[in-house]
Amino acid sequence: MKELNLDHSPKSVPCNECPAGNMHIRHITYFTWLGEELVTVPNFPAWVCDMCGKREYDQSAISWLSMLLNPEAGRSTRRYKRTRQPVPRKRNIPPLMLD
Ligand SMILES: [Zn+2]
């Protein structure tokens, strides 16, 4: 799995919800719904305010995650080698009666 590189991010940013707070990177478990499937991402970076507790997910991490979760991502570049689709196994299906 590709590792997140957050070295370019500042260590803390002023909170936009309260005047005195600063938001720091914390690693939390991120929950998101993918269709009908609940996806949990442990150690997900998020900005958490030390005053009001406001939580904001890191934007680069969010885009990284959506790349992982969205099978359509990167398709427009056409540089990705399309992996061969597995042939769906059909079992116990009677042959077509063409007679
Ligand atoms: Zn705050």
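Start at 1 and go down the list; that is how both ligands and their atoms are numbered.
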Next on the checklist: Suppose we screen for side chain to side chain contact (heavy atoms under 4.5 Å, CB included). Which residues come up paired with Val41, at least two apart in sequence or across chains?
Outcome noted: Tyr30, Val39, Phe44, Leu65
Checklist entry - Which protein N, O or S atoms sit under 2.8 Å from the Zn ion (ligand 1)? => result Cys15 SG, Cys18 SG, Cys49 SG, Cys52 SG
Item to check | Transitive ILVMFWY side-chain link Ile28 to Leu69, under 4.5 Å | outcome: yes
Next on the checklist: If you define the side chain from C-beta out and look only at heavy atoms, does anything of Pro14 sit under 4.5 Å from Asn22?
Outcome noted: yes
Next on the checklist: Can you list everything that forms a side-chain hydrogen bond (donor to acceptor under 3.5 Å, both in side chains) with Asp50? Sequence neighbours excluded, please.
Outcome noted: His24
Checklist entry - Does Trp33 sit in a hydrophobic cluster with other residues, and if so which ones, taking ILVMFWY side chains as linked at heavy-atom separations under 4.5 Å, directly or through other members? => result Phe31, Leu38
Next on the checklist: Show the nearest heavy-atom pair for residues Cys52 and Glu17, with the distance to one decimal.
Outcome noted: SG-CB, 4.0 Å
